[in-house]
There are 2 protein chains.
Amino acid sequence: MSTPGRLGEVMALDRLVHEPARLLILAVLSGAKEVEFGFLEQMSGLSKGNLSSHMSKLEAGGLIEVKKSFRGKRPLTELCITPAGRRALAAYRRQLAAVMQELPDPAAGTKRR
Amino acid sequence: MSTPGRLGEVMALDRLVHEPARLLILAVLSGAKEVEFGFLEQMSGLSKGNLSSHMSKLEAGGLIEVKKSFRGKRPLTELCITPAGRRALAAYRRQLAAVMQELPDPAAGTKRR
DNA sequence: GCAAATTAGTTTGCAATGCAAACTTATTGG
DNA sequence: CCAATAAGTTTGCATTGCAAACTAATTTGC
C-alpha cells in the first residue's frame, strides 16, 4: 500500500517551493506586485549570492519572473511571482495544511509532566 | 535588518524535521508507541535504504530511538519518537503554522467569504 | 583625474544531502 | 544444497544550498 490518508501528501511536496529560502521569497512576492532584489536581500537575510541562485531556480521553474532594468545608471533587478508561482504556492499551502491536520496538536504534551 | 514578522520564521525551520521523508516518519511515530521498520517502509513508500538512512539521521539527532531485537529468529527494528522528537515536531508545526498565516489564502479569488 | 570604495549582482567551490542500487547476513523453501 | 526471501546497511553519485570570490559599473575622496 502507498502512504496513508493525508499524511502521504507530504511526500508529494514541491521541492522547489519547499526550500525555506525560496518559500520565503515566494511568500514575499505573493504579497506585492513587484519586489526589488535589494529589498528581498534585506527582508530575507540571505546573501546576494544565495538570493541570486534561488532566484534563478525559481525563474527556471517558471514560478517567478525576473526583470532587469536600470534605475538611473545603476542596474535594477525586480522579481514578481507568476500565475504558475501562485498556483504552486497555493498547492504547497494546501498540502501542508492537510499534513498539519494529521500532526499531533502542538498543545498536547506541552503542559504534561 | 532581519526578516520581518512571522515570515522570517521560515528561515529557522529545523532542517532535520523539514525533510519530507523524515517529517512523514516523525508524524507516523508521533501517533504510535512503537513502529516497526517494515510497517514504516510500507506506510511511507520509501525504500529500505532511504528509510534506513533517514532513520539514522533522526536517531543521531536524538529525535527518535531505535531498538533492535529479534522476532523469532528474524531481526526486528522498532522506532519510537523521543520527547525531544515530540518537541521538535511541535516546534516545527508552530513555525509552519505561523508562516502559513502570512501566506496568501489559497481560496482567495475562488470564492469570497 | 584617478585610485579606492560602493553598488548590484553572478559565478565558483565545496561540503552535505537524498536517493537508488549494490551489498550483507540470516532464514526458509524445494 | 541451492535458490529465494527477509530485513536492513552501505556505497556511489548527482544535486543542493551556502559562502566566498569574482565582475562590472558608478561614485567618492584626495
Side-chain angles (χ1 to χ4, degrees), chain A residues 1-3 8 10-29 34-61 63-80, chain B residues 1-3 8 10-26 28-29 34-61 63-80 92:
Chain A
M1 191 197 296
S2 183
T3 57
V10 79
M11 294 306 289
L13 287 170
D14 182 347
R15 306 296 279 238
L16 190 56
V17 179
H18 189 62
E19 171 62 28
R22 288 191 296 259
L23 181 55
L24 178 51
I25 293 170
L26 287 175
V28 172
L29 292 195
E34 258 177 355
V35 173
E36 295 176 17
F37 187 98
F39 177 77
L40 255 179
E41 187 191 352
Q42 300 301 309
M43 204 69 161
S44 64
L46 291 168
S47 67
K48 291 177 197 300
N50 287 345
L51 178 53
S52 175
S53 74
H54 285 304
M55 189 182 86
S56 295
K57 290 192 180 175
L58 287 170
E59 188 183 21
L63 304 195
I64 70 171
E65 198 187 342
V66 178
K67 272 168 278 191
K68 284 158 195 281
S69 60
F70 285 85
R71 177 162 49 199
K73 307 205 160 181
R74 301 177 160 292
L76 175 66
T77 300
E78 285 167 305
L79 298 79
C80 73
Chain B
M1 192 192 291
S2 181
T3 56
V10 79
M11 295 306 289
L13 287 171
D14 182 347
R15 306 297 278 237
L16 190 55
V17 179
H18 190 62
E19 171 63 26
R22 287 191 295 259
L23 182 55
L24 178 52
I25 292 171
L26 287 175
V28 171
L29 292 195
E34 258 177 356
V35 173
E36 294 177 18
F37 186 99
F39 177 76
L40 255 179
E41 187 191 350
Q42 300 301 308
M43 203 71 160
S44 64
L46 292 167
S47 67
K48 292 177 198 298
N50 287 345
L51 178 52
S52 175
S53 73
H54 285 304
M55 188 182 87
S56 295
K57 291 194 177 172
L58 288 170
E59 188 183 20
L63 304 195
I64 69 170
E65 198 187 342
V66 179
K67 272 169 280 191
K68 284 157 194 282
S69 60
F70 285 85
R71 177 162 50 199
K73 305 203 163 184
R74 298 178 164 293
L76 174 66
T77 300
E78 284 166 305
L79 299 79
C80 74
Y92 180 80

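Side chains included, hydrogens not; waters and symmetry mates left out as well; all remaining heavy atoms used. Just so it is clear, the model here is predicted, and its values are computed rather than measured. Throughout, protein chains are lettered first and strands after them, A, B, ... in sequence-line order, and every chain is numbered starting at 1.
In this structure, CD of E36(A) is placed 13 Å from C1' of dT7(C), rounded to the nearest angstrom. Across the protein-nucleic acid pair, L46(A) atom CG and dA20(D) atom P stand 14 Å apart, rounded to whole Å. At whole-Å resolution of the value, NZ in K73(B) and P in dA7(D) are 15 Å apart. For R15(B) and dC18(D), the CZ to C1' distance is 10 Å, given to the nearest whole Å. Separating the CD atom of Q42(A) from the C1' atom of dA8(C) is a distance of 12 Å, rounded to the nearest angstrom. As rounded to whole Å, 14 Å separates atom C1' of dG9(C) from atom CD of E78(A). Remark: C1' of dG9(C) and CG of L40(A) are 13 Å apart, rounded to the nearest angstrom. The interatomic distance linking L76(A) (CG) with dA25(D) (P) rounds to 17 Å, in whole Å.
Of the candidate nucleotides dG17(D), dT26(D), dC18(D), dT26(D) has the atom nearest to the side chain of R74(A). Closest approach to the P75(A) side chain among dT26(D), dC19(C), dA8(C) is made by dA8(C) (side chain taken as heavy atoms from C-beta onward).
Heavy atoms of R71(A) sit nowhere under 4.0 angstrom from any nucleic acid atom.
The main-chain N or O of M55(A) is never found under 3.5 Å from a side-chain atom of R22(A) such that the two would form a donor-acceptor pair. Under a 3.5 Å cut-off, the side chain of H54(B) and the backbone N or O of L23(B) do not form any donor-acceptor pair. Using modelled atom types, one side-chain atom of S44(B) and one backbone atom of L40(B) make a donor-acceptor pair closer than 3.5 Å. A donor-acceptor contact shorter than 3.5 Å is absent between the side chain of R71(B) and the backbone of T77(B).
With respect to the salt-bridge test (charged N to carboxylate O, under 4.0 angstrom), the residues K67(B) and E78(B) do not qualify.
For the segment residues 47-60 of chain A, residues with any heavy atom less than 4.0 angstrom from an atom of DNA chain D are, sorted by number, G49(A), N50(A), H54(A), K57(A).
Taking the nucleotide of DNA chain D with the nearest heavy atom to each of F70(A) and A21(A), the more 5' of the two is matched to A21(A).
Atoms CD1 and CG, from I64(B) and L29(B) in turn, are 6.0 Å apart once rounded to the nearest 0.5 Å.
Checked against ring-ring contact (aromatic ring centres under 6.0 Å, His included), F37(B) has no partners two or more places apart in sequence or in another chain.
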